[in-house]
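Accompanying notes for the structure given below.
Starting from 1, each residue takes its place in the sequence as its number. We count ligands from 1, going down the list as the structure has it; atoms in each ligand are counted the same way.
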Amino acid sequence: MARVVGGIATSHVPAIGRAIARNLQADPYWKPFFDGFPPVHAWLDRVKPDVAVVIYNDHGLNFFLDKMPTFAVGAAPEYRNADEGWGIPTVPPFRGELDLSWHLIESLIADEFDITTCQEMLVDHAFTLPMALLWPGSGGWPVTTVPVCINTVQFPLPSAKRCWALGQAIGRAIASWDSDRRVVVIGTGGLSHQLDGQRAGFINKAFDQKFVASLVDDPTWATRFTIEQLVEQAGTQGIELLMWLATRGALQGAQPGAVRRVHSNYHVPISNTAAGLLVLESAV
Ligand code: DHB
Ligand code: FE
């Protein structure tokens with residue numbers, strides 16, 4: 001059966017795309033952010049994933065406000081990057097892992113998650129930039145992919161509890177995939193940020209740090225909060241932390257000691273965002 005080699009959670013600010021295109025990794029503004037990634041590259045070299053399940057939120061590119069699935073899974077042979085309006089350079093297409101897509105879809109539906117299946121799907125900065133950060137300079141990509149979208153842009157949003165359960169169901173699905181492939185789960189978004197309204201620019205470092213720590217040893221901590229409470233704590237776009245929760249859910253075990261923190265980074269701000277990075281692997 002397939003194996004989850006670990007989980008990576010990272011922010012996905014569009015400005016990262018421009019920084020990569022302009023080679024600004026050593027620039028004083030960007031260095032503390034990009035310096036977070038070499039340890040992740042070393043870890044990826046060690047665990048050698050074949051497939052990435054990427055849990056992210058679309059920002060109005062593939063799904064617009066007229067049709068907004070709560071949960072959607074890609075089942076396409078290829079996922080192309082399109083510019084959803086930020087003007088950043090696009091990256092090469094991503095190869096889909098069709099067999100896992102359909103296994104995941106069947107397994108999630110059997111698990112009573114009524115997801116939307118997408119046999120065509122464009123991917124935005126929330127998918128492409130984390131991939132470009134994790135595998136820099138790849139003219140192509142060393143992993144095949146399965147995109148999983150969680151709606152965090154149009155209310156009502158799925159609860160933290162539901163996103164945790166979705167992550168757990170994804171973990172079970174991967175573990176029952178009849179394949180010898182090694183799968184990394186990647187969650188993108190957050191941490192605290194708010195792009196609009198009276199609180200634009202809002203960042204909550206204390207909450208971010210509590211949340212990141214909880215993912216290691218008390219991962220259901222965030223499920224006690226309503227979406228409104230999480231928005232209050234993390235900002236209207238900081239609610240993208242739901243992707244981090246689902247990613248942790250896909251890793252084995254909620255009990256203390258079930259996962260080990262391989263690496264983390266936190267830098268405020270990148271654009272409007274508290275930029276976080278966390279790598280976890282199974283400790284059991
Ligand atoms: C920013 C952050 C995001 O998560 C996003 O999707 C768009 C912009 C920002 O901080 O600029
Ligand atoms: Fe975002």
Side-chain angles (χ1 to χ4, degrees), residues 8-22 24 27 29-34 36-37 54-65 68-72 74 79 81-91 121-134 147-155 157-158 160 163 186-205 207-208 211-212 222 227 230-247 265-278:
I8 304 173
T10 175
S11 302
H12 66 219
V13 181
I16 298 163
R18 210 161 311 140
I20 292 173
R22 294 180 186 167
L24 296 179
D27 179 272
Y29 179 86
W30 287 102
K31 192 170 167 21
F33 171 76
F34 281 99
F37 286 88
V54 185
I55 307 173
Y56 72 107
N57 61 293
D58 182 89
H59 297 75
L61 171 72
N62 193 70
F63 307 114
F64 198 58
L65 304 182
M68 185 57 67
T70 302
F71 299 128
Y79 303 97
N81 178 201
D83 174 6
E84 77 276 28
W86 295 96
I88 50 177
T90 54
V91 299
M121 199 172 190
L122 293 170
V123 289
D124 74 6
H125 69 273
F127 184 102
T128 64
L129 296 180
M131 294 293 284
L133 289 165
L134 298 175
V148 177
C149 271
I150 299 180
N151 166 34
T152 59
V153 303
Q154 178 164 256
F155 279 75
L157 312 188
C163 293
I186 301 171
T188 95
L191 289 169
S192 61
H193 64 298
Q194 174 145 345
L195 302 179
D196 46 17
Q198 286 184 345
R199 289 203 311 171
F202 174 78
I203 277 174
N204 187 347
K205 186 172 177 179
F207 179 80
D208 287 340
F211 172 66
V212 173
I227 289 295
L230 288 170
V231 165
E232 194 177 350
Q233 291 297 322
T236 42
Q237 281 74 35
I239 194 63
E240 291 174 348
L241 61 77
L242 292 174
M243 264 57 76
W244 291 51
L245 194 58
T247 299
N265 192 39
Y266 184 84
H267 179 68
V268 175
I270 287 297
S271 187
N272 298 291
T273 296
L277 173 64
L278 178 66

**Prompt:** Where is the nearest protein heavy atom to atom 10 (O) of ligand 1: which residue, which atom, and how far?
**Reply:** Thr273 OG1, 2.6 Å
**Request:** State whether the side chain of Asn57 and the backbone N or O of Thr152 hold a donor-acceptor pair below 3.5 Å, judged by distance alone.
**Result:** no
**Message:** Treating Asn204 as the side-chain partner and Ser192 as the backbone partner, does any N or O pair qualify as donor plus acceptor under 3.5 Å?
**Reply:** no
**Request:** Please confirm whether the backbone N or O of Leu277 pairs with a side-chain atom of Asn265, one donor and one acceptor, at under 3.5 Å?
**Result:** no
**Asked** What atoms of ligand 1 come within less than 4.0 Å of a heavy atom belonging to Asn272?
**Response** 9 (C), 10 (O), 11 (O)
**Item:** N, O or S atom of His193 closer to the Fe ion (ligand 2) than 2.8 Å
**Value:** no
**Request:** Tell me which protein heavy atom sits closest to atom 8 (C) of ligand 1, plus the residue, atom name and distance to 0.1 Å.
**Result:** Pro14 CD, 3.2 Å
**Asked** Any idea which protein heavy atom is nearest atom 4 (O) of ligand 1, and the distance to it?
**Response** His193 NE2, 2.8 Å
**Item:** ligand 1 contact on His125 by region, counting heavy-atom pairs under 4.0 Å
**Value:** side chain
**Request:** Using atom types as modelled and distance alone, determine if a side-chain donor or acceptor of Asn81 lies under 3.5 Å from a backbone N or O of Val123.
**Result:** yes
**Message:** Looking at Asp83 and Trp86, would you say the former's side chain and the latter's main chain have a donor-acceptor pair under 3.5 Å?
**Reply:** yes
**Request:** Check salt bridge (Lys or Arg N to Asp or Glu O under 4.0 Å) between Lys205 and all other residues, then give those that pass, not counting sequence neighbours.
**Result:** none
**Message:** Can you tell me how far apart CG (Leu134) and OG1 (Thr10) are? Round to the nearest 0.5 Å.
**Reply:** 7.0 Å
**Complete:** heavy-atom search around atom 9 (C) of ligand 1 in the protein gives Ser271 OG, 3.4 Å
**Message:** Can you tell me if His59 contacts ligand 1 (heavy atom of the residue under 4.0 Å from the ligand)?
**Reply:** yes
**Prompt:** Once rounded to 10 degrees, what value does the angle at the Fe ion (ligand 2) take between NE2 (His12) and OE2 (Glu240)?
**Reply:** 100°
**Request:** Specify whether an N/O/S atom of His125 falls short of 2.8 Å from the Fe ion (ligand 2).
**Result:** no
**Request:** Provide the number and element of each atom of ligand 1 under 4.0 Å from a heavy atom of His12.
**Result:** 4 (O), 6 (O)
**Request:** Would you please test Thr247 and Ile186 for side chain to side chain contact (heavy atoms under 4.5 Å, CB included) and show each step?
**Result:** CA-CA 6 Å; Thr247 299; Ile186 301 171; over 6 Å; no
**Prompt:** Is there a donor-acceptor contact under 3.5 Å from the side chain of Thr188 to the main chain of Ala126?
**Reply:** yes
**Item:** Atom indices of ligand 1 within 4.0 angstrom of Glu240 heavy atoms, with elements
**Value:** 4 (O), 6 (O)
**Request:** Output the list of atoms in ligand 1 that are nearer than 4.0 Å to some heavy atom of Trp86, sorted by atom number.
**Result:** 7 (C), 8 (C)
